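Data block below; observations after.
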Amino acid sequence: MLTLTGLLGTAFALIGAIGLARLPDFFTRLHGPTKATTLGIGAMLVASSLHFSTQGEGLALHELLITVFLFMTAPVSANLLAKAALHLRVRSIAAIPRAFRDS
């Protein structure tokens, strides 16, 4: 179970890092670290918590607290980055929806 959770977390973190490096514009690049990497790091921290809980004296809560903090702060930081990019009028390669083109 630990190996599976660790490998799954590593795969998601790698996919998020590749997305951050390879996606074409700011708004699509924003999804790499906020979606896949957050899930990947969360899975690796859960695997670490399970490992140290079975090896140590009791339940290892440090990793779970880091995971909760990560899941609370990643969406907030992504939202603030997106709002700042909209305020600065950062260009996107995405097509503007028809409903917004007319107005």
Side-chain angles (χ1 to χ4, degrees):
M1 187 65 179
L2 295 175
T3 304
L4 179 65
T5 309
L7 287 175
L8 185 67
T10 305
F12 272 110
L14 178 65
I15 290 168
I18 291 171
L20 179 63
R22 300 288 310 251
L23 290 172
D25 70 344
F26 176 79
F27 294 104
T28 56
R29 254 186 238 127
L30 191 59
H31 289 285
T34 58
K35 303 287 189 259
T37 307
T38 302
L39 182 62
I41 298 297
M44 285 189 277
L45 286 169
V46 167
S48 174
S49 178
L50 290 173
H51 171 73
F52 287 114
S53 291
T54 58
Q55 301 296 319
E57 301 166 357
L59 188 62
L61 292 179
H62 293 95
E63 289 88 354
L64 293 178
L65 291 174
I66 295 169
T67 305
V68 168
F69 181 73
L70 176 72
F71 286 163
M72 286 180 2
T73 58
V76 173
S77 62
N79 187 18
L80 290 175
L81 284 169
K83 284 186 180 222
L86 288 173
H87 179 72
L88 294 173
R89 298 181 188 266
V90 173
R91 292 265 185 207
S92 176
I93 61 169
I96 298 172
R98 187 177 300 157
F100 294 114
R101 271 187 276 164
D102 298 334
S103 55

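Note that this is a predicted model, so its numbers are computed, not measured. In what follows, residues are counted from 1 in the order of the sequence shown. Just so it is clear, the values below take in all heavy atoms, side chains as well, and ignore hydrogens, waters and symmetry mates.
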Minimal heavy-atom distance between F26 and A85, with the atoms involved, is CE2-CB, 3.3 Å
How long is the straight-line distance from CG of L23 back to CG of L30, given to the nearest 0.5 Å? 10.5 Å
Considering only heavy atoms from C-beta outward, does the side chain of L80 approach that of V76 to under 4.5 Å? yes
Who passes side-chain contact (heavy atoms from CB on, under 4.5 Å) against L65, sequence neighbours left out? none
Which pair of non-hydrogen atoms, one from A74 and one from T38, has the smallest distance, and what is that distance? CB-OG1, 3.6 Å
Is it true that F27 and L81 fall in one hydrophobic cluster, defined by side-chain heavy atoms closer than 4.5 Å? yes
Hydrophobic cluster identity match, V46 and L2, side-chain contacts under 4.5 Å: yes
Could you work out the complete set of other residues in the hydrophobic cluster of V68, with links drawn between I, L, V, M, F, W and Y side chains under 4.5 Å apart? M72
For T5 and A43, work out which heavy atoms get closest and say how close. CG2-O, 3.2 Å
Going by heavy atoms in the side chains, are M44 and T10 under 4.5 Å from each other? yes
For side chain to side chain contact (heavy atoms under 4.5 Å, CB included), just list the numbers for T37 and I41, CA-CA rounded to whole Å, side-chain angles, deciding distance to a tenth of an Å, and then say yes or no. CA-CA 6 Å; T37 307; I41 298 297; 4.1 Å; yes
Rounded at 0.5 Å granularity, tell me how far CG in L64 sits from OG in S53. 7.0 Å
Supply the atom-to-atom distance L7 CG to L14 CG, rounded to the nearest 0.5 angstrom. 12.0 Å
Please list, chain by chain and in numerical order, all residues satisfying side-chain contact (heavy atoms from CB on, under 4.5 Å) with L20, sequence neighbours excluded. R29, P33
Of all the heavy-atom pairs spanning T67 and L45, show the shortest one and how long it is. OG1-CB, 3.2 Å
